[in-house]
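These numbers come from a predicted model, not from an experiment.
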Amino acid sequence: MEHLKDFKKVKFEGKDSKNPLSFKFYDSEKIILGKKMKEHLPFAMSWWHTLGANGADMFGRGTIDKSFGEAPATMEHAKAKVDFGFEFMSKLGIEYFCFHDVDLVPESDDINITNQRLDEISDYILVKMKETGIKCLWGTANMFSNPRFMNGAGSTNSVNVYAFAAAQIKKALDITVKLGGKGYVFWGGREGYETLLNTDVKFELDNIARLMKMAVTYGRKIGFKGDFYIEPKPKEPMKHQYDYDAATAIGFLRQYGLDKDFKMNIEANHATLAGHTFEHELRISAINGMLGSIDANEGDPNLGWDVDRFPVDVYSATYAMLEVIKAGGLTGGFNFDAKNRRPSNTIEDMLQAYILGMDTFALGLIKAAEIIEDGRIDAFIKDKYSSFNSELGQKILNNSTSLEELAEHAYKLKDANDPGSGRQEYLESVVNQILFK
């Protein structure tokens, strides 16, 4: 593999540049709707994919050398990943990173040794953070890879596994607070089931909630002031995931009284696996006051699993940024939970993948702002519901009418067969006009 030091810092050169290692649309200081682009788009590097994923899949060994000059599964290798990661982020102007506990260090069979390693590596990371100004967006615990979690972590049938999950969360929260993380994520992992024949669903949901409540109590106790996040996912690895989509996760949080501390971490690829659009999941989160952070990636419509591609779909990015802007921004950021394709196995490929993702969301931001400033779509939506500005409409909105009064109104109408055109094709043509002008 090449050396990262051989590459220059990636700069903005504009849409006409042919330099593959330049930004075409991401201009960090450009002002969009009164804010710098980098303030709209707080990008983060995913520790696991960027520094760990080596291109292996279920049919073949890895194709990408992520040894960074050291023997894997050693603390020397863990520190080499830190060195590479911070240099990589600096080259791209990325100001945040995200991590799982076992991304940072090799996991020992003895959790006490793993914790010692986490203390050591987090000290090393703190030095790099102070040198570069790069910050931690969020941390989390991997409670899905180890065989002990084959029946779940919070949803496990084993009290010993449950206690082990609690210990991992405790340490991951310790490290997140130590590194100044803005958030802490619960990814559903294996929180689900394969068949009801061997599952007590209520018992498992109650226990997941208990674990989350303990995490909130401990986090606040040690000074964590950020948001806890749930990252909805509909499938993979369990057949029935308890955190299927944003609406399901929000309902769970409200049922168990966790909604004051938790928000959503929405991943684009997970949204499409649930049969939704990315922007749908963002809207549902936002209207419930729970839009927190984003995992920026995309799936492949021809593949039915979580492929974690770098974002390239400008339509999707534009619609997503419309939701983010209208929600007033994120409490978290845009984490590239994305990995290079298996044949893209060089450092240059890694840099270009991040450039692609950052440019895609930058272009989405630019076009979303233009759609808002154009005003035609917002004007149409306002007009679509204008009948509720009437006296009767206002009584409905103010909860000051009754079924009887509405029925009397309907009897006088005899019918109501002209609700008005939705004009979808026209509105889509407006989007095309703005995207391609």
State which residues pass ring-ring contact (aromatic ring centres under 6.0 Å, His included) with Phe12; sequence neighbours excluded, sorted by chain then number.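 Partners of Phe12 under the ring-ring contact (aromatic ring centres under 6.0 Å, His included) test: none.
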From [atom1] ([X]) to [atom2] ([Y]), nearest 0.5 Å:
X	Y	atom1	atom2	result
Gln424	Ser429	CD	OG	11.0 Å
Lys66	Leu51	NZ	CG	7.0 Å
Ile347	Asn340	CD1	CG	11.0 Å
Met212	Phe186	CE	CZ	5.5 Å
Leu273	Asp245	CG	CG	12.0 Å
Tyr244	Lys233	OH	NZ	13.0 Å

Could you tell me if the ring centre of [X] sits under 6.0 Å from that of [Y]?
X	Y	result
Phe97	Phe86	yes
Phe25	Phe361	no
Tyr184	Tyr229	no
Phe262	Phe228	yes

Could you pull out the closest heavy-atom pair between [X] and [Y], with the gap in Å?
X	Y	value
Ala249	Pro232	CB-CG, 4.3 Å
Leu179	Ser122	CD2-O, 3.8 Å
Val185	Glu231	CG1-OE1, 4.1 Å
Tyr26	Phe23	O-CB, 3.4 Å
Arg423	Phe380	CD-CE1, 3.7 Å
Val10	Ser22	CG1-CA, 3.9 Å

Write out all pairs satisfying side chain to side chain donor-acceptor pair (under 3.5 Å) with one or both partners inside residues 308-324, taking only residues at least two apart or from two chains.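 Checked against side chain to side chain donor-acceptor pair (under 3.5 Å) - neighbours excluded - the pairs reaching residues 308-324 are His49-Asp308, Arg283-Glu323, Asn297-Asp308, Tyr315-Asn432.
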Expected list for residues 129-137: side-chain donor-acceptor pairs under 3.5 angstrom, two or more places apart:
unit_1 : atom_1 : unit_2 : atom_2 : d
Thr132 : OG1    : Lys128 : O      : 2.8
Thr132 : OG1    : Ile134 : N      : 3.2
Lys135 : NZ     : Gly133 : O      : 3.4

Determine, for [X] against [Y], whether the closest basic-nitrogen to carboxylate-oxygen distance falls under 4.0 angstrom.
X	Y	answer
Lys437	Glu370	yes
Asp227	Lys182	no
Glu13	Lys24	no
Glu194	Lys235	no

Where do Phe144 and Phe149 land on the ring-ring contact (aromatic ring centres under 6.0 Å, His included) test, with the steps shown first? CA-CA 6 Å; Phe144 49 89; Phe149 296 121; 8.6 Å; no
Does a side chain donor of either [X] or [Y] reach within less than 3.5 Å of an acceptor in the other side chain?
X	Y	result
Glu107	Thr114	no
Arg254	Asn288	yes
Asp65	Ser67	yes

Taking the side chain from [X] and the backbone from [Y], do they hold a donor-acceptor pair closer than 3.5 Å?
X	Y	answer
Asp349	Asn345	yes
Arg117	Pro106	yes
Gln168	Asn142	yes
Lys81	Asp103	yes
Asn265	Gly292	no
Glu267	Ala296	no

Neighbour count above 12 (heavy atom, 6.0 Å) for [X] [atom1]:
X	atom1	answer
Tyr426	OH	yes
Phe203	CZ	no
Lys326	NZ	yes
Met214	CE	yes
Lys35	NZ	yes
Lys9	NZ	yes

State, with a plain yes or no, whether a side-chain heavy atom of [X] is found less than 4.5 Å away from one of [Y].
X	Y	value
Met45	Phe88	yes
Leu253	Met290	yes
Lys38	Glu95	yes
Thr277	Thr272	no

Assess the residue pair Asn335 and Ile294 against the criterion (side-chain contact (heavy atoms from CB on, under 4.5 Å)); give the C-alpha distance rounded to whole Å, side-chain angles, the decisive distance to 0.1 Å, and a yes or no. CA-CA 6 Å; Asn335 168 50; Ile294 284 174; over 6 Å; no
Carefully, step by step, assess Phe43 and Phe336 under the rule ring-ring contact (aromatic ring centres under 6.0 Å, His included). CA-CA 7 Å; Phe43 289 130; Phe336 284 109; 5.2 Å; yes
Within residues 161-178 or reaching into it, pairs that qualify as salt bridge (charged side-chain N to carboxylate O under 4.0 Å, His left out) - sequence neighbours excluded: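 For residues 161-178, and leaving out neighbouring residues, the salt bridge (charged side-chain N to carboxylate O under 4.0 Å, His left out) pairs sorted by first residue read Asp119-Lys171, Asp123-Lys178, Lys170-Asp174.
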Please test Thr156 against Asn151 for side-chain hydrogen bond (donor to acceptor under 3.5 Å, both in side chains), starting from the C-alpha separation and ending with a verdict. CA-CA 5 Å; Thr156 182; Asn151 292 328; 5.6 Å; no
Before giving the answer on side-chain contact (heavy atoms from CB on, under 4.5 Å), spell out for Asp374 and Ile434 the whole-Å C-alpha distance, their side-chain angles and the decisive distance to 0.1 Å. CA-CA 9 Å; Asp374 175 83; Ile434 293 171; 3.8 Å; yes
Does the pair Asp261 and Lys213 meet the rule for a salt bridge (Lys or Arg N to Asp or Glu O under 4.0 Å), with working shown? CA-CA 9 Å; Asp261 291 284; Lys213 287 179 179 179; over 6 Å; no
Report the residues that fulfil side-chain contact (heavy atoms from CB on, under 4.5 Å) with Glu120, sequence neighbours left out, ordered by chain and then residue number.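 Partners of Glu120 under the side-chain contact (heavy atoms from CB on, under 4.5 Å) test: Met75, Lys79.
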Any ring-ring contact (aromatic ring centres under 6.0 Å, His included) involving residues 101-140? Give me the pairs, sequence neighbours left out, ordered by first then second residue.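 Residue pairs passing ring-ring contact (aromatic ring centres under 6.0 Å, His included), neighbours aside: Trp48-Trp138.
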Are Leu365 and Ile325 close enough, and set up right, to give a side-chain contact (heavy atoms from CB on, under 4.5 Å), and what steps lead you there? CA-CA 9 Å; Leu365 170 64; Ile325 292 169; 3.8 Å; yes
